[in-house]
Amino acid sequence: MARVSQEHLDARRRQILDGAAVCFARNGFHATSMQDVLREVDLSAGAVYRYFSGKEELIAAIVGEVLQTVREMYEAAAAESPPPMPDELIPWVLGRMRTVRPGAVDGEWMFPRLMLQVWTETLRSPHLAGLLRPAYEDVRASWVLVVERYKEAGVMPEDADADAMARVMIAVVQGMATQMALFGTGSEDLLRTGLRALMSVGRPG
């Protein structure tokens, strides 16, 4: 019997993840069954269950990949001296995600809807929260690294709280993704403009 190449296995796994992501973004986690995923990817149950045991493992793999990509982008930015400012860095990362996870549902970019579905399900599932927490912590750590580089370059005060800023910058992305998912509004340009306005605020006196 001919051995299946690793390239074939990787392509099949990618096919399953992409199809499942479309299903979850379109109908939500609970309204999507494994049968829906099987129909979307046009594969047998045996072919899919060879890679994933069920929906939670699928969603954890999808989001884990996304967060790893985001972490790598911020780590690359931290290698610059100084890193791009937040009003450039955050919209750039969001724009790159359109290339990394480009799919569309009902004509809208799939990624924000998928993220909102995942956050909602994470509230309901301690198991899923446990699977995703390490990936989130990696993203937060990469943002902390960016902030520390800002300090080293002299563009931020030395006593600035790097962890607090990291959490707020992540929240900015989450908030914009939520607006995109719920109302179909928001863009990288809007995010850039808003961040620049926010960064221009000075203390009275």
Side-chain angles (χ1 to χ4, degrees), residues 14 16-32 36-37 40-41 55-56 58-77 83-125 128-129 131-133 135-140 142-143 146-147 164-201:
R14 175 83 274 136
I16 295 168
L17 288 175
D18 289 346
V22 170
C23 288
F24 294 143
R26 181 194 299 133
N27 297 319
F29 189 83
H30 283 280
T32 298
D36 293 328
V37 175
E40 184 71 30
V41 300
K55 291 194 297 182
E56 282 202 347
L58 273 168
I59 201 68
I62 291 167
V63 179
E65 281 189 347
V66 169
L67 292 178
Q68 179 181 350
T69 301
V70 171
R71 174 180 60 80
E72 290 171 352
M73 290 178 189
Y74 286 131
E75 287 178 349
M85 295 294 100
D87 61 315
E88 292 296 336
L89 178 56
I90 298 177
W92 176 79
V93 170
L94 193 60
R96 286 282 294 125
M97 292 308 299
R98 289 185 184 272
T99 302
V100 176
R101 305 295 306 186
V105 174
D106 298 332
E108 297 290 339
W109 184 30
M110 179 177 67
F111 175 72
R113 291 181 61 167
L114 180 61
M115 289 297 94
L116 192 57
Q117 297 286 358
V118 170
W119 298 331
T120 301
E121 183 57 26
T122 301
L123 290 174
R124 300 162 60 100
S125 170
L128 183 58
L131 291 173
L132 296 183
R133 182 173 296 278
Y136 165 78
E137 294 296 345
D138 284 345
V139 171
R140 185 164 62 90
S142 67
W143 244 116
V146 170
V147 177
M165 180 169 173
R167 291 173 183 271
V168 169
M169 293 300 97
I170 292 171
V172 167
V173 177
Q174 291 174 325
M176 183 58 69
T178 299
Q179 291 183 44
M180 290 178 174
L182 293 178
F183 311 117
T185 58
S187 66
E188 291 88 286
D189 286 341
L190 178 65
L191 184 55
R192 182 179 298 108
T193 300
L195 282 167
R196 285 178 178 170
L198 183 63
M199 291 166 62
S200 70
V201 175

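Starting from 1, each residue takes its place in the sequence as its number. Side chains are part of it too, since the values below use all heavy atoms of this structure and drop only hydrogens, waters and symmetry mates.
- Atom CG of L132 sits about 11.5 Å away from atom CD of E137, to the nearest 0.5 Å.
- Interatomic distance, L94 CG to W109 CH2, rounded to the nearest 0.5 Å: 4.5 Å.
- Here the closest heavy-atom approach between residue V41 and residue G19 is recorded as CG1-CA, 3.7 Å.
- Contact check on R96 versus E72 returns no salt bridge, with no Lys/Arg side-chain nitrogen under 4.0 Å from an Asp/Glu carboxylate oxygen.
- At a threshold of 4.5 Å between non-hydrogen side-chain atoms, the residues R14 and E65 count as touching.
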*Mind running side-chain contact (heavy atoms from CB on, under 4.5 Å) on F24 and V118 for me, showing each step along the way?*
CA-CA 9 Å; F24 294 143; V118 170; over 6 Å; no

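- Across all non-hydrogen atoms, the minimal contact from E188 to P91 is CG-O, 3.4 Å.
- Closest non-hydrogen pair, A77 versus P83, comes out as O-CB, 3.3 Å.
- With sequence neighbours left out, the salt bridge (Lys or Arg N to Asp or Glu O under 4.0 Å) criterion links E75 to R71.
- Counting heavy atoms from C-beta on, the side chains of M169 and V172 come closer than 4.5 Å.
- Atoms CG and CG, from D87 and L198 in turn, are 10.0 Å apart once rounded to the nearest 0.5 Å.
- Residues L190 and M176 have side chains in contact (heavy-atom distance under 4.5 Å, counting atoms from C-beta outward).
- The CD1 atom of I59 sits 9.5 Å away from the CG atom of L17 when rounded to the nearest 0.5 Å.
- Surrounding CZ of R133 are at most 12 heavy atoms belonging to other residues, nucleotides or ligands under 6.0 Å away.
- Note that CD1 of I170 and CE of M165 are 11.5 Å apart. Values are rounded to the nearest 0.5 Å.
- Of all heavy-atom pairs between S125 and E56, the closest is OG-OE2, 2.7 Å.
- Note that the CG atom of L116 and the CD atom of Q179 stand 12.0 Å from one another [nearest 0.5 Å].
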_Test side-chain contact (heavy atoms from CB on, under 4.5 Å) applied to L67 and D138, step by step_ = CA-CA 8 Å; L67 292 178; D138 284 345; over 6 Å; no

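- When each of M110, E40, Q117 is tested with R26 by the rule side-chain contact (heavy atoms from CB on, under 4.5 Å), just one qualifies, namely E40.
- Using a 4.5 Å heavy-atom cutoff, the side chains of Q174 and W119 are in contact.
- Without hydrogens or angle criteria, S142 side chain to Y74 main chain gives no donor-acceptor distance under 3.5 Å.
- The shortest distance between side-chain heavy atoms of V63 and L131 does not fall below 4.5 Å.
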*Working for side-chain contact (heavy atoms from CB on, under 4.5 Å), residues H30 and E121*: CA-CA 8 Å; H30 283 280; E121 183 57 26; 2.8 Å; yes

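- Within the structure, salt bridge (charged side-chain N to carboxylate O under 4.0 Å, His left out) contacts touching residues 176-186 (residues at least two apart or in different chains) do not occur.
- Scanning both residues, C23 and D36, for their nearest heavy atoms gives SG-O, 3.8 Å.
- When M73, R192, M97 are each tested for a side-chain contact (heavy atoms from CB on, under 4.5 Å) with W92, only one passes: M73.
- Annotation: side chain of V93 is not in contact with side chain of V173 (no heavy-atom distance under 4.5 Å).
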